[in-house]
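To start, the structure under review is shown below, and the notes come after it.
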Number of protein chains: 2
Amino acid sequence: MNPTARRAPATLAEVARAAGVHPSTVSRALGAGTGIAAATVVRVRAVADELGYRPDPAASSLRTRRSGLVGVLVPRLTDIVLATIYEGLDAIAADAGYQTFVANTSDVPEVRRRRLAALLDRRVDGVVLGDARLDDDLLPEIAARGLPYVLVSRRSRGHLSVTTDDLLGGRLAGEHLLALGHERVAVVAGQPFSSTGVERTQGFRDAYAAAGLPVPDERVRHGTYDVRGGHAAARELLAARPRPTAVFAVNDFNAIGVMGALREAGLRVGRDVAVVGYNDVSLAAELPVPLTSVASPMDQMGRTGMTRLLQRAAGQPVRSVRLRPTLVVRESSSPDGG
Amino acid sequence: MNPTARRAPATLAEVARAAGVHPSTVSRALGAGTGIAAATVVRVRAVADELGYRPDPAASSLRTRRSGLVGVLVPRLTDIVLATIYEGLDAIAADAGYQTFVANTSDVPEVRRRRLAALLDRRVDGVVLGDARLDDDLLPEIAARGLPYVLVSRRSRGHLSVTTDDLLGGRLAGEHLLALGHERVAVVAGQPFSSTGVERTQGFRDAYAAAGLPVPDERVRHGTYDVRGGHAAARELLAARPRPTAVFAVNDFNAIGVMGALREAGLRVGRDVAVVGYNDVSLAAELPVPLTSVASPMDQMGRTGMTRLLQRAAGQPVRSVRLRPTLVVRESSSPDGG
DNA sequence: GGGTCCCTCGAAATCGATTGCGAAACTCGT
DNA sequence: ACGAGTTTCGCAATCGATTTCGAGGGACCC
């Protein structure tokens with residue numbers, strides 16, 4: 001009846017006794033139901049329901065070597081981007097009868113390794129990595145183990161991944177600022193070991209280089225993917241003279257940090273310095289000065305990522321996916337609407 | 001050596017054979033080590049390391065009835081507040097040798113029940129609930145099961161919880177706006193079933209009532225704890241004439257939604273309408289118009305929550321904790337610094 | 001020197017579900 | 001009515017770790 005109200009859950013053997021059959025019969029009846037008389041299946045299932053039977057995953061996992069768990073590694077769940085991707089992952093996993101097991105790695109290799117080991121100890125049936133590095137020594141190990149895995153958000157050469165087309169996204173941002181006439185621009189470039197930051201920056205610089213206005217290295221600053229990182233990077237970039245007239249941040253939270261740094265410097269967002277972010281998180285549109293941002297389908301990235309993982313685990317051939325980003329122009333780059 | 005590089009992990013029996021002892025000896029040597037000669041312990045551990053032995057949690061859990069898992073239920077991980085609390089929970093759990101198992105419930109009772117059942121099926125050793133309801137029918141069931149549990153963020157009468165003093169927090173916000181001379185104020189009050197929204201609203205209204213300016217019900221609007229909810233609520237509140245001169249939102253993301261609604265109505269944040277939020281998330285200080293907010297120690301709430309849970313599981317007496325919030329004044333309520 | 005106690009470790013049962021194998025019962029055709 | 005083939009289900013082993021019980025051996029005391 002009510003599965004949460006029982007003290008000691010019934011076991012297979014108890015169900016078997018109550019139904020007057022052998023435990024193996026119960027196991028089969030509750031499973032595919034093949035090789036068992038239809039009437040028996042119905043009866044056993046009724047008894048199991050009656051007793052509120054819930055299989056013990058530990059016992060099941062011990063015997064079958066499958067845990068029903070999918071491990072997920074992310075840099076931080078406090079990063080809304082990853083949290084949103086995770087929700088997409090979890091939704092599809094739940095539909096397929098899997099549970100997700102998530103862990104923060106803080107983008108620290110040593111922590112990553114430890115957290116992954118913990119997931120492997122739990123005998124997860126697959127792994128989703130949201131914190132892949134461009135030169136990632138963990139990925140070959142996972143591959144060598146034969147464990148199904150997929151990367152989301154970030155990619156790494158030679159590994160299955162679901163990402164957005166970050167080169168294109170960066171280019172969109174660059175072309176937008178070019179069209180607005182910005183000739184001296186700066187980039188808050190994120191972490192140098194993550195494909196997202198690197199490729200978004202690359203696409204942006206490509207656009208400027210193609211226009212004959214290459215962005216010099218000193219106008220590109222790396223940092224963590226949070227408000228603080230954006231603020232710190234922008235403070236340095238804004239100290240240059242002449243000052244850049246626009247800043248592209250490869251992450252919306254970085255962009256908000258940039259806004260804070262602008263304010264601190266007595267500059268107005270959009271009017272004195274244009275700001276463009278990336279991901280178009282839900283609050284970008286609601287800020288006192290709405291943020292221009294490259295929208296990336298985060299939820300879909302999660303859903304597609306888990307779908308690919310499950311397909312791969314089922315032995316189907318799968319290829320990496322690059323989802324298409326789109327530019328959303330708002331007042332932080334275009335205060336007068338154009 | 002390298003735990004992630006082995007294909008088939010060694011078992012206890014294999015370690016025993018390699019060490020020339022019985023499996024039970026290995027088990028004891030790797031455990032507390034009591035009742036075993038010190039030399040044997042050292043030797044067995046060395047062999048276990050050598051073989052990269054990792055105990056199978058399924059087997060262990062089957063036998064001991066303990067899973068080493070702590071379940072965590074949250075409304076949504078995309079809510080930074082809960083994500084931050086979760087990180088605090090996880091940090092302490094990890095220190096104590098536990099892993100956390102988190103699930104979103106979307107604040108939907110049916111989903112909560114299902115997710116909790118999934119955690120119980122996994123035989124979690126304890127549960128942290130971040131989505132408690134004022135009239136919560138799940139909590140008595142958990143209590144009846146004898147499973148250790150603790151509430152964080154939200155509280156519910158008669159159950160162990162770690163929260164901030166939300167009545168006080170609301171009062172701080174109210175007294176602040178009163179001191180600034182705001183007489184016609186509105187509240188974005190969050191979900192009516194969550195103690196956070198209810199108590200913050202109550203504290204705020206208490207302050208105004210004490211000043212002889214009770215806040216009428218029509219200037220209090222409920223909604224979800226996200227940007228969209230804040231925007232929707234504020235849109236309605238701002239349609240009233242005369243218009244409120246200040247809005248208290250019980251959540252920072254709601255407050256940002258309020259900012260969006262203000263902009264949409266052609267009003268300036270701080271100058272035309274004051275805005276006060278709650279939680280003081282990291283981006284509040286960085287917004288183009290920095291947000292006045294009631295700071296709550298989210299990370300500490302998580303840490304304290306897990307600590308209490310572990311103490312409770314160990315049979316120690318524990319009492320609910322209310323952490324102290326503090327007001328951080330910024331330009332959204334005080335554009336000229338006073 | 002004999003007895004007792006403690007230290008150390010092995011034997012074997014156990015947790016709960018799954019599954020290969022085989023036996024009984026039943027269907028059906030002739 | 002009998003044999004071949006099928007359906008249905010029970011038996012028992014198994015996954016890997018833990019733990020109770022007891023045996024063997026050494027230390028120690030008188």
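So you know, we letter chains A, B, ... as the sequences are listed, proteins then strands, and number each from 1. In this text the structure is predicted, and so the values were computed from the model without any measurement.
Residue B/Arg28 contributes atom CZ, which lies 11 Å from atom P of C/dA11 at whole-angstrom precision. Rounded to whole Å, the distance from CD1 on A/Ile36 to C1' on C/dT19 is 12 Å. Taking atom CG on B/Asp56 and atom P on D/dT18, their separation rounds to 10 Å, with Å as the unit. To the nearest angstrom, P of C/dT18 lies 8 Å from CG of A/Leu30. With rounding to whole Å, B/Arg66 atom CZ is found 13 Å from C/dC15 atom C1'. Summarising the geometry, the separation between CZ on A/Arg17 and C1' on D/dG10 is reported as 16 Å, rounded to the nearest angstrom. In this entry the distance linking CG of A/Leu62 with P of D/dC15 reads 9 Å, nearest Å. Between the CG atom of B/Leu12 and the C1' atom of C/dG10 there is a distance of 14 Å, given to the nearest Å.
Between A/Asp131 and A/Arg154 there is no salt bridge, since no side-chain N of the basic residue sits under 4.0 Å from a carboxylate O of the acidic one. Ion pairing of B/Glu110 with B/Arg114 is present here, as a side-chain N (NZ or NE/NH1/NH2) and a carboxylate O approach within less than 4.0 Å. Under a 4.0 Å N-O distance rule, the pair A/Arg303/A/Asp299 qualifies as a salt bridge.
A/Ser60 has no side-chain polar atom (N or O) that falls below the 4.0 Å cut-off from OP1 or OP2 of C/dA17. Considering only side-chain N and O atoms, A/Thr25 lies nowhere under 4.0 angstrom from the phosphate OP1 or OP2 of D/dC9. The side chain of B/Tyr53 places no N or O atom within less than 4.0 Å of a non-bridging phosphate oxygen (OP1 or OP2) of D/dG16.
Judged by distance alone, with hydrogens and angles left aside, the side-chain atoms of A/Ser161 form no donor-acceptor pair with the main-chain N or O of A/Val152 at under 3.5 Å.
Not a single donor-acceptor contact under 3.5 angstrom links the side-chain atoms of B/Thr40 to the base of C/dC9.
With D/dA12, D/dA17, C/dT18 as the choices, the nucleotide that has an atom nearest any side-chain atom of A/Arg63 turns out to be C/dT18.
Across all strands, A/Ser61 comes closer than 4.0 Å to no nucleic acid atom at all (heavy-atom distances).
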